Every structure is written in structure tokens, then in C-alpha cells.
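Structure record follows, encoded as C-alpha cells.
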There are 2 protein chains.
Amino acid sequence: MNYSISEENYLKAIYLLQSDGNLVTTNALALELETSASSVTDMLKKLKQKKLLHYQPYRGFKLSMDGRKVALDIVRRHRLWEYFLSEKLKFKWDEVHELAEELEHVNNKKLTDRLDEYLGHPKFDPHGDPIPDSFGKMVKTPLIKLSQLTENKTAEVYNVGNQSTEILHLLKHHKIQIGTRLEVKRIFPFDHSMEIKVKSLSPITISEQLAENIYVKIL
Amino acid sequence: MNYSISEENYLKAIYLLQSDGNLVTTNALALELETSASSVTDMLKKLKQKKLLHYQPYRGFKLSMDGRKVALDIVRRHRLWEYFLSEKLKFKWDEVHELAEELEHVNNKKLTDRLDEYLGHPKFDPHGDPIPDSFGKMVKTPLIKLSQLTENKTAEVYNVGNQSTEILHLLKHHKIQIGTRLEVKRIFPFDHSMEIKVKSLSPITISEQLAENIYVKIL
DNA sequence: AATTATTTTTAGGTTTGTCTAAAATAATAT
DNA sequence: ATATTATTTTAGACAAACCTAAAAATAATT
Ligand SMILES: [Mn+2]
Ligand SMILES: [Mn+2]
Ligand SMILES: [Mn+2]
Ligand SMILES: [Mn+2]
């Protein structure tokens, strides 16, 4: 019923990695959590024993129903705190993740629900990710990657598929954030880089790698 | 520069126990932290090595200047979160301590300062304890124990010298809280119990033990 | 001052979460 | 099909924070 900070970090990371339902690998999780593969294996055994995980040695793993429920609650707390930090304490959207990474581990249902209420039951965190409600339900928006757009399409930025400070700094430099409207001007076949126009600024060119990590809604 | 949750809990407990500057004993700290005396000794060695403590084996201990500084910062975070929970999330004053006990360990100067600012730089937490500012400074009010009052004196409750849920529940039952005005009607020499009148309610009798733990300002 | 009681420390273990290096298994290439 | 490479697990260790039981130091009594 109550999990350690480490267990919680593992559960959340597995949830995020498996998003589309496929199995997660030991190495992928080790990379995500910046730890060794052997540490991951140790934890997998423990989480399996607690029935939070479906895990066959060497074959990969994914969360059980129970594990998913726990993970969704951690994600809920994480994103609510991010919203609080951004909305109430005026932190920039690239500063909130690191702090929420700690606040998420204060596990108290009444606190979470009161915070949710105080914030007005927000549906999205500052990065555009949906916030699960107390039943684990959340809205899903039909988002596509910026890299999937064709020339002359206009779209609004809704989400970023990667929370590293590196990408957030790059986005800041390009003056791209959640809610930004942009127009695809050209796509260069050689490296699939894109020329885009953000608001009334002069056009900029972004890499395919970056476009792969920006989720938008077509306007 | 960065301490574990356990180290922080020890530092804060030592700070609170030594309040008036005298040495703290191993057993007193073990009692406060609900742990064994041998565990306390282990931690004392570590904190001494980190120069946060003045400690002579068998003789007792107290915080060094550095240790006091760290402890004050933890106390600051604890009391700011208590204020937040009480003021913004509408928690009752007997519910906030337990939650703040966890939130206090999220150690980030910018977060603490932003929270302080967001709350309007409050001077007292919901239990009437002063909140240190970012330099560790706090106001000190000239409070006396309710048990020190004489008959027919009127006073206002400012603080409770004990954060146990037991005392908070008893106070709730007697309808006594921070800010309550009360009048001492009679003091019974046999057991030093006190008859007091709270607002316009009919008089009640409280034990000496309780009166020892209620701090008031004479009106 | 000697004995007894209390307090504190030490000795030796346990659990959790981590690590490196070696062994086992699976995937890929020849 | 075998050999090579990559991935994953196991083996064995370590640090942090806790424990109980025994020993040592201090304090209180007689
Ligand atoms: Mn975390
Ligand atoms: Mn987020
Ligand atoms: Mn605490
Ligand atoms: Mn308090």
C-alpha cells in the first residue's frame, strides 16, 4: 500500500516508457533512471514479488493492473505539483520538473485531492501532459508529432515528448513553448530538417530530432 | 551541503530539544524520534564528523553554528508548509504537522523563498510558532505558560508546547485554538487544575499538565 | 566508598538500494 | 550452424539507517 521513493521512481519510469503498451527492457529503464542494469534487475524482482509487474527474466516487463494504478497516482501528484509551481509560484516550465520529482513522493490522498481542488482540477501540466484524476482517468488529445506535418500546415504546440533540460533549453532558445502557434514553411528531404515560422518572428530551422519530440494539434 | 532525510530529522529534533541552549541527551532524542538510543549514538558520530554537532561521548551534545543554520532552514520549510496547508488548502491545524514532516525535506532555496513570498511572508505557523526568514531570523514573542497565570487574568492563546495529536485533539474538544481568548476563573491548589472560561461558553476545568503546554499572551 | 541503578556506547546483525565484475542468455553476423 | 556481440542476470560487496544484547561509563543510593 505504501512504497519507497525508489520503488515509486521505478514504477513511474516504467509507466512512461511503456506508454503504448509494449514491453520495457532492462537497459532502457536503467538509462532512464541513470542507474545500472543490475540495480534494475534487483528492483524488478522486488516489484514482481509485490505483484506490481509482469516480468519474465530476459524477456522484458510491464506494469500489472495494480502497478499501473500506483504509477498513475504518482504521475498525478507529479503533474499537479508542476502545475502548482508554474501557476502559483511562477516557476518557468523548464524548472518545475526537477522539483516535482521530489514533491511527488509525499503520498497522502487528502493532500493530493485538496491540491487538485485548490488548483481548480487542471487537465494539463505545464508541459501539456494530461493530469490523471483521482480515479486515474485523464483526457487524451489527438496529438501528432511536428515531424509528421507537411508544408504550409499551421499547428499549436501541446506537448514535449522528452523532459530533459537539454530539450527545454533548446525550445526556450527557439521561443517555442506550450501554446505556441507555428507554421511549417519547408521540409528539406536531405536531413528532414524543417523551416518553421513561430508567430511573427523570422523563420527558423529545426532538426528532425527536435521535430520528433514536439507534439502539436493541427489548426 | 545536502543532508539525508534522516539527518535532517535528527538536526531539527536536536534544535527543538535544545531550544534554551542546554545540552541534549541521547535518551531524550531517541524518545523524540521514536528510535533506539544506539541508533542515536550512530547518528551523533556522523553529525559530529560533519561538524554539525558539539558532542562529547556520555556528556551530551548540541548543534554547532553550522548545524543550527541547517536546522533553522528545515524549521523554516516545515512551518511554511504548515502555513500553506492551513491557509491555502484549508487543512485543520492538527492535520498539518504530519504532512509538513515530509514536505520539509524538499530542499530547494528558490522553492522555499517563492513559497514564502506567495504566502506573504507569514511570521507564525498555525501552531503559533515563529517562522524563520531566509537568514534564520524570527520574531520572539514574550509568551508565558497558561499554568503561570493567576485567577481572573484574561489571555490569548498563542502557541502549544507539544505537537502530539493527543494534545491537539484535547484542545479541539475544549474548543481552544490559536487566537482563543480565555479567562482564568479559579485555580485548585490540590492538583493545580484550572477552571477557565473560553469565550461565552460555560466554564471548563483543565489539568495542570494541559495548562503547562498552552502558551499565552496576557491581555 | 562501595554498591546499585541508569544512561550511553559498542558489537554484531538486518534491510534497502546501490555498485562492479563475471556468468548466462538472447540476438546478430558470418 | 557457429561464432561473435549485445543484453540481462547473478555473485559478491558496500553504505546508510536501523535493530537487540552486552559492555562501559556515569549517576544515585546506601
Ligand atoms: Mn521522483
Ligand atoms: Mn510534466
Ligand atoms: Mn521530517
Ligand atoms: Mn508547527
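In what follows, chains carry the letters A, B, and so on, assigned in the order in which the sequence lines appear, proteins first and then strands, with residues in each chain numbered from 1. Computed from a predicted model, the values in this text were never measured in an experiment.
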Could you tell me whether a side-chain N or O of A:Ser64 sits under 3.5 Å from a main-chain N or O of A:Lys51, the two making a donor and an acceptor?
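Side chain of A:Ser64 to backbone of A:Lys51: a pair is present.
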Separation of [X] atom [atom1] from [N] atom [atom2], in whole Å?
{"X": "A:Leu31", "N": "D:dA6", "atom1": "CG", "atom2": "P", "value": "16 Å"}
{"X": "A:Gln56", "N": "C:dT25", "atom1": "CD", "atom2": "P", "value": "15 Å"}
{"X": "B:Asn9", "N": "D:dA16", "atom1": "CG", "atom2": "C1'", "value": "14 Å"}
{"X": "B:Leu29", "N": "D:dC18", "atom1": "CG", "atom2": "P", "value": "11 Å"}
{"X": "A:Leu33", "N": "C:dT18", "atom1": "CG", "atom2": "P", "value": "8 Å"}
{"X": "A:Lys48", "N": "D:dT9", "atom1": "NZ", "atom2": "C1'", "value": "14 Å"}
{"X": "B:Glu34", "N": "D:dC19", "atom1": "CD", "atom2": "C1'", "value": "16 Å"}

Anything under 30° is parallel, anything over 60° is perpendicular, the rest tilted; go ahead and classify B:Tyr118 against A:Tyr118.
perpendicular
Check whether B:Tyr15 forms a cation-pi arrangement with B:Arg68 (NZ or CZ under 6.0 Å from the six-membered ring centre, at most 45° off the ring normal).
no
Ranking A:Asp42 and A:Arg59 by the position along DNA chain C of their nearest nucleotide, the one closer to 5' is A:Asp42
Tell me which of A:Met43 and B:Thr26 sits closer to the 5' end of DNA chain C, going by the nucleotide each one is nearest to.
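Counting from the 5' end, the first nearest nucleotide belongs to B:Thr26.
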Please confirm whether the ring centroid of A:Tyr3 lies under 6.0 Å from the ring centroid of A:Tyr10.
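Centroid distance A:Tyr3-A:Tyr10: not below 6.0 Å, so no.
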Hey, are [X] and [Y] close enough for a salt bridge, meaning a charged N less than 4.0 Å from a carboxylate O?
{"X": "B:Glu117", "Y": "A:Lys90", "answer": "no"}
{"X": "B:Arg79", "Y": "B:Glu104", "answer": "no"}
{"X": "B:Arg76", "Y": "B:Asp116", "answer": "yes"}
{"X": "A:Arg77", "Y": "A:Asp73", "answer": "yes"}

For a quick test of reading the model: is some side-chain N or O of [X] closer than 4.0 Å to OP1 or OP2 of [N]?
{"X": "B:Asn27", "N": "C:dT8", "value": "yes"}
{"X": "B:Thr25", "N": "C:dT7", "value": "no"}
{"X": "B:Lys45", "N": "C:dT10", "value": "yes"}

Partners meeting salt bridge (Lys or Arg N to Asp or Glu O under 4.0 Å) with B:Glu32 (sequence neighbours left out):
none
Using a cutoff of under 3.5 Å, can you pull out all pairs of nitrogen or oxygen atoms linking the protein to nucleotides 20-23 of chain D, with atom names and distances?
{"residue": "D:dT20", "atom": "O4", "partner": "B:Ser38", "partner atom": "OG", "Å": "2.8"}

At 4.0 Å (heavy atoms only), tell me whether B:Tyr10 reaches a base, stays on the sugar-phosphate, or touches nothing.
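Sugar-phosphate, no base atom in range.
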Base, sugar-phosphate alone, or nothing: which one does B:Phe61 contact when heavy atoms must sit under 4.0 Å apart?
nothing
Report, one pair per line, the protein and nucleotides 14-16 of chain C atoms (nitrogen or oxygen only) whose separation is under 3.5 Å.
none

